[in-house]
Amino acid sequence: MFPWVYEFRWSAGHLIFLGVFFSVAAMIASTLVAALLRTFRDFRKNDADAVRWHVDFEDLPSSARVCRHELTGEVQHRTCHHEFACGTCTGHPQFLLRHTPAAATEDTLYGMHMPGDRMYHRGHTWVRKEDDGTCTVGLDALAERILGDAGGEELPPAGTEIRANGPAWRMSSQGTPVRILAPIDGTVIATGSREQGWYLRVMPREGCFAHLLRGEEIRPWITREIDRLQYAIAPDGGVPTLADGGELVGDLRKQSAGADWDAVLGEMFLEA
Amino acid sequence: MDKELIPRGVRRTTPGRFLLWLLPWIALLGFGLYGAYLCLAEGLNQTNMDNRFAFGLWIYLDLTVIALGAGAFFTGFLLYIMRREELRAVINSAVVIGLICYSGAVAVLMVDVGQPLRAWFTFWHPNVHSMLTEVTFCLTCYLTVLIIEYAPVVFKNRKLRQVPRFLVFEFELHKLMPVLAGIGTLLSFFHQGSLGGLYGVLRGRPFAFREELGIWPTTFFLFILSAAAAGPSFVLITTWLVQKITRKQLVRPEVFRFLGKVSGILLLGYVLLKTVDTFIWINATSPSIGFAAYSFYRSSSFGTWILFAEIVALGLFPALALISKRMCERPGILVAAAMMACCGVMLNRYVMTVQTLALPTLPFDQFLSYAPSWQEVATFLAVLAYGMLLYSLSFRYMTLFPQERELSRFPGR
Amino acid sequence: MGPTITRRDLLRLAGGSALGVIFSPLPWKLLDDSAIWTQNWSLNPPLSHAPISLAYSTCTLCPGGCGITARCTGGVPFSLTGTKSHPVGRGVLCAAGLAGHQMAMHPLRIVQACASSGRSVGAVISPLEREKAIAAIGAILNGLSARDAPHSVALIDRRPGRALSAVYRNFLSTVPGGLYIVSPSAEDATLTTLQQMAATPAWIGGFDFEQTRTLLSFGAPVLEGWGSPGQVMDIWSKRARTGFRLIQADSRPSRTARLAQTWLQLRPGTETILALGLGHVIIRENLHAHDIKRTTRDFAEYARLVARFDPPTVSALCGVSKESIEETARTIARRPSLVVAGTDPAGGPLPNEARTAIAALNVLLGTMGTRAGIVARNPLPGEPVMPPATTIDQVPDQSIRILIIDGAESGYDIPVSLLRKKVHPQGAIVSLSPLLTPMTAWADYIIPAPAHLELLEEISTAPGAVTCSYALARPLHPVREGSTDPLDFLRLLSAVTAGAATTIPTRDAMLRARADAIHASGRGKVFMPQDGAWIEVKGLATTEQFWQKLSEGGCWIDDGPAQSRSVSFSLLPGGNDEATRCLALLSGSETPEGSSVTVMPYGVRGATASAQVSPILSKIFQESNLKDLDGTALLHPGTATSYGLADGDSATMHNGAGTMRVVVRCDGAVLPGVVHVAAGPRRNNSDAPGCVGGEGILSLCEPGSDGTWRLTTATIGKAHGSEI
Amino acid sequence: MDPKSEKTARYGMVIDLDRCTGCGACMVACAVEHNVPPAESSATPRTGITWLRVYGMDNGPEDSGRDTAYIPMLCQQCGHDTPCIAVCPQNAVDVDPTTGIVGQVPQRCLGCRYCMTACPYHARSFNWWDPHWPAGMEKTLNPDVSPRMRGVVEKCNFCHARLHQAKAKAALEGKRDIKPADYVPACVESCPARAMVFGDLNDASSDVALAAAAAASFQFLPRLGTEPKVYYRSDRDWIRRKADHTVHSSLTEAEHR
Amino acid sequence: MKRRTLMLIIAGVALGAGTGWVLFPLALYTRESQPVNFSHKVHTGEQAGMTCENCHDFTADGRFSGIPALDKCTGCHGATIGSTDEEKRFVEEFVIPGRPVPWRVYSRQPDNAYFPHAAHVKLAGIACEECHGPHGAGDALPAYQANRLTGYSRDIWGRNISGIPSHPWEGMKMDRCVRCHALQGRTDGCIDCHK
């Protein structure tokens, strides 16, 4: 095998064969090492959450990745490939040039309180800019409905850095753990609670709101979300429609207890 | 606990029923391992192999599973190198199948050799002219590759992915997959080939001996082609089976059709080359060393019908069926054709292993027969059971079919 | 960083030490050592490192008397070869002889006196103190009285002509009803018959093969162990030059028959007819010796008898074509030629009239007493002239009270049933065999003798040889504790026996007496194996010197054959009733009825069912198809299919005498309706070396009135059940 | 030491099939010489260990079927394209360059049995069992030949241990080349019919070289191109016809099989 | 990399290496002393002045006798000739009862290795010391160490556990044979040295 092992012959056949073998072995090894090094690098840059979001996003069904400009009907069909980071999207600015989204016209959708003065994240959190430059982060009404009487919030202590699409906090809905995606980058300065109607007070990083949904985008988005919810709860569309007479039914949980809520939560909170 | 391991949003049966499904396989595995233990402890007298039938069921098994396991490398090749994205739907499953086939084959080989503790001599003092050396080197390397390819599938398990290190490593590894796929293709190319060469070089066995092209006998290339043809078919069959057993739709129909088409085209190529090779063998190779090819088929049970079955019935027919669009529209025909294709390749391996040794060479030889002992069969079944277990576990706890979740949620879309 | 050890810490430590170990010799040396362990495989026996030496002796496995050169390490022989240019062995050994040094370690070796629980197959054999056993035998001996006469105390000597044989006879002469029985070896068959036909009783003859050109053999296994193998092989391998020609008259496709230049495949049991038929042609064509009238007393009667055996008749009965009968007659008439009657090592002798008819051909052709024929041989000096010994078939049934079976191997089988018939129900059988042969297993008492090459023994004239020879078999192994020299057995027995008052000589004295007599005769010369030198006996001043030479492995050879005196023979010693017996044959033998087949047992000399061979002979009997394991049944494919049998099937054969299991081997050269069953070694059984099966095919062979068992009938059919 | 001063030999053998009577002495002598253990109880002709095996062959139904030849088959020591050497994955088989003897080293052998499938003469045996000798018989092992372990292949090497001793003997006298008489394989030595001639084929004057060159001598399956160094001789041409396997004969064989 | 981590890893390495280099050899080899404490020095020194060949000689058929049999010793030591207790013991225990001395052979090769001394000594003219070292001058016999796994003497591998000889004569493994033969430009077959 090696020149110093007896029976090693300096013949062409030997050299070619072993040459190929050793280079293959080397390639396999280096691939592994490369992967490991890159892993460590990611951790040094603590991109772990970014990676996780990236992986999760990859696994999202296309129905969950509808572009905001499709929502507004500016384009027939468009699926997001930028992990909802419109800032990095090349198409987004052109759309904005052509059409600036109008403000929201109503605060109640399907009987849910979805005020238009807030910006919404695909993970069903809202962000409200306060006058002191901070932001308040909360769960939108649909999320509250889906979670039902959720509890066991694990809110990040003040001073924690959160990054958009990274985990903001965890809570559990009837035993099922749910992680809530952070809508924006920033530093937590205070924590609220469900009763208070908000969860985090965040000092945002500059200009990290581009990707949030707002104004006229909200209604079509919620409509599609309810649509997805419907499928998630009953793939075969067995149960009566959730929104009867424009009102989302009261207690989703009771209404469709048989559903795989674990899957539903994963679906709706964009968790693989 | 069990629930938290199952991927989100896919339906799996209850732990109880799953265990019930595993039990028989576990029992079978135990039985098989006992048989293998006997062979290792008592020596190979436990088998029905002998000095004349020095290769038996096990070698045949190795040739076969490795041919069928070729799906792993070829799917990987098409996906990562040829960028056929539709195959992403089955790549994980293909990798698991490959892993099972190759690790199983290596395990059986370790029982098959008389002195397993000396296995590493092949690396330390390799005889590079031996086809078996080529096989050994490639198998070990490719098995490593398969394990590495399997790792991401494991790391993406719902529980494990919670560990950031695993998730990130998986992510980084996945990005390098094309490299591994490339290496895997190279390795498979060589060992599928050298498995064919294994017999082609036997000038002492006129039935198997073939002319050399370059440094390899023609069987080298025929094996590569046939394996590449059988691989996708086998992936197709397994996927179809899993769908039937779990009563779920796991991949979109067009994936089946694509696999079928690939398999068909390669099979057609194989059949053509095989035919040419056979004619050369009958008219030149075999007579040149004093044996009339027909004499191989006159003696006892191996008639010329074998040639026909191998090349036409289980070669040409399925190839045409798989290629034709109209046929492939009908899943029944598609699967049947794929099965025929696999059987054809298995038959080829069988003939290569068994008929080669059964035929006499010396004028006073007799035609020999051989039937494996229960220990041999048991060892074989152990591999089957091991495969079943590994696949079942992988299917339950890992995402073998990425499309499953969406298909289960939005059927038809 | 607190003092608490976390799991992560342990992991780091482990990782570190793994690294450390990798950079130490441990894993690599272990890998290397494990490989070395598989390479020298400590499970294998270690080899001797003692110095190598040569030792010379003589093989005693059969009467052949081939010289042995043994390579020894630390005094233990590890390989045997024929002593180069040995006058008897011609420098070669047969397959059995080559493994002779292993017989002392035979798994079926008995090394203590035993008593058997019964005479049924698989009887329990349990150790018994030697003195007790001998006392018990003595008690029976003393208990014998005129009341239960006619009774006999019989001893079967399987190797007559030894000094030991003489001692046996002396002992028997002193016990009431003592009876000395011999089982003649095959080569003697023709010669003893000629003795009976000769006018002068003490006529001893030998075959002058070396010179002869045509050998007509009636079923003698000439090329499979006959005479001294070396001599026969020598003649055979030179045949291209010398024109030696072998004509084999044999029903079985034996190796000899297949190899012989001419093979007359005659129907079973038609040897007499063929012999007389040949006589017919010889006389008709006037090919007989010119002085036939002078050398025979009843030529006329003979001529009248054979006149009835014209070729067409004979051909119809024997299945040998008329032409080849005539051709054969003419060939053997072209002298020098010899005609010999065979005895199959397992199938036993030919019937009397066959032996006479065959021997008569020699007389007819005038080969008697002439060069290249059958020549008179000088007796071995010191061999006491004794009345001819009894043969077993002459003993009345159930008359034997004590039967002692000598341990020496003649190489030929006797069916136990034959002995059983002769022994009284209350009688006792004593075996002196060192090995647990089927015959031994059937004995009531076993006083095992030392094994082959453990005891100083003698080998005299090989059967059928023209000149006598004498050599000592020097022991190559120490005598194993617990075995008993037959001489000691006799001594102990006579000590406890009332009548017996003979003094039993010591082995040394016994053999020296022989040696001295030879030396006194002053005849012959001694071959020395060390350097192949020849030493004239006359040149050796003292008997001590002669003895010295013999014990160094020397082999004494007499000077040439005796002056042939013209002897007259009777061609029909049996007179008229013999003639009528022969004529009766013309009516044809009754063919076995419907379902049953003609069964002929066969064996290889020294490797029959009753003679154990070294386990290494499995190479030719079990691990290859060269020779047949016990219970191999050769059938014509046609016959096999007619009984629903195929090659390799296991079948059962059954007749009045018993049932046995056989393995079918189809052979196109076998006569239809005939089954040849091998009585040979069994497959090695390392798991249960002590266990002994039945007697094999011979248990089906009921010896007939004429004391032959070579032909019998039985039914054959596919075996059911798995027991073998 | 300079290898050139050592004569390179090409040891070979000629077996006279007209002399062989199939007595099997050679097989026993061989087994004893090489410490081959006796058969296990369940061993068969197909699982037994025989470095040398005598086969019987008759002239078949197309002739009388009555004429029989016994054929001692041992490793044919193929001199060209040696089938077993190329296939061994770990160099356990090689040709000894100075003697032309094909050597098999059980200590290196992995037991994959590929060489056995490669050998057209079935001259190789596999150790299906642990070697086992009856109690005491292991004392009678030949000290010059190491017993093989379970799970490896073994075969004839022309009694190479005897060549070792011959060389040692020569070396003691300061010579490199051996006396031919000092090196005779066990089978040749034991053959009662003297049917085997052994020696150096390179030495044109040797008996074996002359016999091999004789008209009546032939090889088995010469068309495979393996150039065996074991020759056979017979004056019976049906034997020569069968030995030289031709398309014609292979067909007729098939007819009758 | 925190300091603690580094320390832990270094400690681990030390631990592993220690096991491999120190404990492993102790565990691997047995130690047995020879039946008689034979002094080569006494025999080869001036008072006796014997050479290697006097005891380790060849037999007529070219075999090497190796360790001499008892009779060699008895030649001189038929009765006690020296003054040492060890010799006295030797004579009483072995010579008088004629019991062969169960010497443990340091350089005993496996049964499957064939080493013709004749070729190496007579033809190649290799001196004994080149392989066996200067033990001819040694006064006492070192303890015999056997490898528990392979059963061979430690001297085959060499005293140094790493396998790197600390003396030119140390180690008698195949690599050494091959290296020397390669230097001689010999082309051997396996069976030239394996039996």
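To find a chain, count down the sequence lines: A is the first, B the second, and so on, and within it residues start at 1.
- For L44(B), the parts lying under 4.5 angstrom from a heavy atom of chain D are both the backbone and the side chain.
- Contacts between residues 12-29 of chain D and chain B, defined by a heavy-atom separation under 4.5 Å, are made by no residue at all.
- With a 4.5 angstrom heavy-atom cutoff, T122(B) touches chain D via backbone and side-chain atoms both.
- Of the residues considered (M57(D), R46(D), Q90(D)), R46(D) shows the highest number of contacts with chain B, using heavy-atom pairs under 4.5 Å.
- Both the backbone and the side chain of F126(D) come within less than 4.5 Å of a heavy atom in chain B.
- The contact between C112(D) and chain B is made by backbone and side chain atoms together, counting heavy-atom distances below 4.5 Å.
- Interface remark: L132(B) contributes backbone and side-chain atoms alike to the contact with chain D (heavy atom separation under 4.5 Å).
- Using modelled atom types, no side-chain atom of T356(B) and backbone atom of F207(B) make a donor-acceptor pair closer than 3.5 Å.
- Looking at R150(D), the atoms closer than 4.5 Å to chain B (heavy atoms on both sides) sit in the backbone and in the side chain alike.
- The greatest number of non-hydrogen atom pairs below 4.5 Å with chain D, out of F209(B), W124(B), F55(B), Y199(B), is found for F55(B).
- Top candidate by heavy-atom pairs under 4.5 Å with chain D, chosen from M49(B), R118(B), Q115(B), is R118(B).
- Contacts of E134(B) with chain D are absent, with no heavy-atom separation under 4.5 Å from either backbone or side chain.
- With a 4.5 Å cut-off on non-hydrogen atoms, I85(D) touches chain B through its backbone but not through its side chain.
- Interface summary for chain B: among C109(D), C119(D), A243(D), P222(D), the most heavy-atom pairs under 4.5 angstrom belong to C109(D).
- Ranked by non-hydrogen atom pairs under 4.5 Å with chain D, the options V201(B), L198(B), V135(B), D112(B) are led by L198(B).
- With a 4.5 angstrom heavy-atom cutoff, L221(D) touches chain B only via side-chain atoms.
- When all heavy atoms are compared, the tightest approach of G290(B) to R223(D) is CA-CD, 3.7 Å.
- Neither the backbone nor the side chain of L117(B) has a heavy atom closer than 4.5 Å to any heavy atom of chain D.
- Ranked by heavy-atom pairs shorter than 4.5 Å toward chain B, the options P89(D), G151(D), G56(D) are led by P89(D).
- With a threshold of 4.5 angstrom between heavy atoms, T47(B) approaches chain D through side-chain atoms but not through N, CA, C or O.
- Of the listed residues (L110(D), L224(D), I49(D)), the one with the most heavy-atom contacts under 4.5 Å to chain B is L110(D).
- Of the two parts of D81(D), the backbone and the side chain both hold a non-hydrogen atom closer than 4.5 Å to a non-hydrogen atom of chain B.
- Heavy-atom distances place the side chain of T226(D), and not its backbone, under 4.5 Å from chain B.
- Heavy atoms of other residues, nucleotides or ligands lying less than 6.0 angstrom from CZ of F123(B) number more than 12.
- Among the candidates Q46(B), R203(B), H129(B), the residue making the largest number of heavy-atom pairs closer than 4.5 Å to chain D is R203(B).
- Here the side chain of Y232(D) pairs a donor or acceptor atom with the backbone of P72(D) at under 3.5 angstrom.
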